[in-house]
Colleague: 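Pasting a structure below so you can have a look.
All figures in this text were calculated on a predicted structure; none of them were measured in a lab.
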Amino acid sequence: MAKFSAQEVSTQKIDQDHLMELLKDFRKDGFLILENAFKPELIKNLHKSFLSNNEKYFFEEKNEDRVHMVGDKRFQITVEVEGVFNDPNFFANPLIFPIVQNLLDADLVIESITCVTSLPGAKPMGIHCDGTVFNNVPKALLPPHAVGLLIPLIPFNHQNGVTRIWPGSHKRELEEVKFSDNKEFIDPELNLGACILMDYRLIHQGNGNNSDQLRPLLYCNYCAPWYIDQPNFIGKTHLILNDKNYELISEDFRRLFLRRNLKLS
């Protein structure tokens, strides 16, 4: 687990030597766990806004365009970019965004902003990766094409369900190893303000929720401009941003939202 220095947090600028170290670790392991990337107050506000606007979908309303099941008692909801979600400290965090920029094309875009929420009693997800490309080429030869930023909106522990990760698995074929029998995984507990940066090809699994509370995991997925995550979002809107909120975004970051309101058929 990596931690930003007090100076980096204070200045909101990552040290270049530290950046190079983190990039090396990401390329080797396929992920980074960043302990103090976000201010806890921002995460609390994201959590409050998410529940206020979306909790109804878990128990009452249906919205087939924005909401779909991704496992037992587990929902993926496309989050509208408004209010606190329309804050560059979230979607272009100054400590995290330089890492993503170095990993992907300079013209990277945001592929999707969603929140995967498991209800109390949810069973573990299946073991999977989020997406691959050029499947006739060994993964070890390819750089990342997409990177997921995973932000727990509450502290994650072994009771409410951590994300299980197989380090280095972004370079291996899913069928190459029976990952259900592979014990070389980690189950990181995360405090408020921590996050995971994950290569889209990394093998992982959301564990079961054995608590009595909702367990929301916010995703901001970045990708190279030529990649479209069709398998996960066919027939779904995966980046919701109206004109009014788009105009509120600094011109420096508007290019990230080129795919706003795109719906794959």
Colleague: Taking atom OG1 of T132 and atom CG of N135, what is their separation to the nearest 0.5 Å?
Modeller: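 Between atom OG1 of T132 and atom CG of N135 there are 3.5 Å.
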Colleague: Would a distance-only check, ignoring hydrogens and angles, find a side-chain to backbone donor-acceptor pair under 3.5 Å from E82 to L241?
Modeller: no
Colleague: What distance do D29 atom CG and H170 atom NE2 have between them, rounded to the nearest 0.5 Å?
Modeller: 7.5 Å
Colleague: With a 6.0 Å cut-off on ring centres, are F91 and F257 close enough?
Modeller: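 So the answer is yes for these two rings.
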Colleague: For the side chain of S169 and the backbone of W166, is there at least one donor-acceptor N/O pair under 3.5 Å apart?
Modeller: yes
Colleague: Mind checking the CG-CG spacing from L197 to L149? Nearest 0.5 Å is all I need.
Modeller: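 Separation between the atoms: 5.5 Å.
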Colleague: Do the charged groups of D243 and R260 touch, with an N to O distance under 4.0 Å?
Modeller: yes
Colleague: Check R254 with E247, please: is the shortest side-chain N to carboxylate O separation under 4.0 Å?
Modeller: yes
Colleague: Any Lys/Arg nitrogen of E8 or K13 sitting under 4.0 Å from an Asp/Glu carboxylate oxygen of the other?
Modeller: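 Salt bridge absent between E8 and K13.
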Colleague: Given V116 and R74, is the side-chain contact (heavy atoms from CB on, under 4.5 Å) satisfied, shown in steps?
Modeller: CA-CA 7 Å; V116 175; R74 199 176 299 254; 3.8 Å; yes
Colleague: Checking R27 side chain against P144 main chain: does a donor-acceptor pair fall under 3.5 Å?
Modeller: no
Colleague: Within the side chain of K123, is there an N or O that forms a donor-acceptor pair under 3.5 Å with the backbone of D72?
Modeller: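 No; judged by distance alone, with no hydrogens or angles, the pair does not exist.
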Colleague: Can you tell me how far CG of N89 sits from CG of L46, rounded to the nearest 0.5 angstrom?
Modeller: 10.0 Å
Colleague: How far apart are the C-alpha atoms of E111 and H238, what are their side-chain angles, what is the distance that settles it, and do they pass the side-chain hydrogen bond (donor to acceptor under 3.5 Å, both in side chains) test?
Modeller: CA-CA 7 Å; E111 166 61 26; H238 50 125; 3.1 Å; yes
Colleague: Decide if atom NZ of K236 counts as having more than 12 heavy atoms of other residues, nucleotides or ligands within a radius under 6.0 Å.
Modeller: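 More than 12 heavy atoms, drawn from other residues, nucleotides or ligands, come within 6.0 Å of this atom.
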Colleague: What are the two closest heavy atoms between G148 and N221, and how far apart are they?
Modeller: CA-OD1, 3.2 Å
Colleague: For N207, run the side-chain contact (heavy atoms from CB on, under 4.5 Å) check against N160, T163, V162 and tell me which one passes.
Modeller: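 Going through N160, T163, V162 one by one, the side-chain contact (heavy atoms from CB on, under 4.5 Å) with N207 is satisfied by V162 alone.
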Colleague: With a cut-off of under 6.0 Å to the ring centre and 45° to the axis, is R66 in cation-pi contact with Y57?
Modeller: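 Judged by the rule (NZ or CZ under 6.0 Å from the ring centre, within 45° of its axis), R66 is not positioned above Y57.
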Colleague: Before you tell me yes or no, could you show the steps for Y227 and V133 under side-chain contact (heavy atoms from CB on, under 4.5 Å), namely the whole-Å CA-CA distance, both residues' side-chain angles and the distance that decides it to 0.1 Å?
Modeller: CA-CA 9 Å; Y227 178 72; V133 292; 3.6 Å; yes
Colleague: How many angstroms lie between NE2 in H68 and CZ in F233, if you round to the nearest 0.5 Å?
Modeller: 6.5 Å
Colleague: Might you work through the side-chain hydrogen bond (donor to acceptor under 3.5 Å, both in side chains) test for Y200 and D229, ending with a clear yes or no?
Modeller: CA-CA 10 Å; Y200 240 49; D229 188 2; 2.8 Å; yes
Colleague: State which residue, out of T114, T117, L218, V67, fulfils the side-chain contact (heavy atoms from CB on, under 4.5 Å) condition with I77.
Modeller: V67
Colleague: Hey, is the main chain of T237 close enough, under 3.5 Å, to the side chain of T78 for a donor-acceptor pair?
Modeller: yes
Colleague: Is there a donor-acceptor contact under 3.5 Å from the side chain of R201 to the main chain of K171?
Modeller: no
Colleague: Counting only N and O atoms by type, is there a donor-acceptor contact under 3.5 Å from the side chain of S49 to the main-chain atoms of N45?
Modeller: no
Colleague: Could you check whether H18 and F4 have their ring centres less than 6.0 Å apart?
Modeller: yes
Colleague: Can you label the angle between the F90 ring and the F85 ring as parallel, tilted or perpendicular, going by 30° and 60°?
Modeller: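 Because their plane-to-plane angle is over 60°, the rings of F90 and F85 count as perpendicular.
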Colleague: Keeping the roles fixed (side chain from E80, backbone from I240), state whether a donor-acceptor pair exists under 3.5 Å.
Modeller: no
Colleague: Any donor and acceptor pair, going by atom type alone, linking the side chain of Q12 with main-chain N or O of V9 inside 3.5 Å?
Modeller: yes
Colleague: Return the minimal non-hydrogen interatomic distance between A37 and L95, and the atom names on each side.
Modeller: O-CD1, 4.1 Å
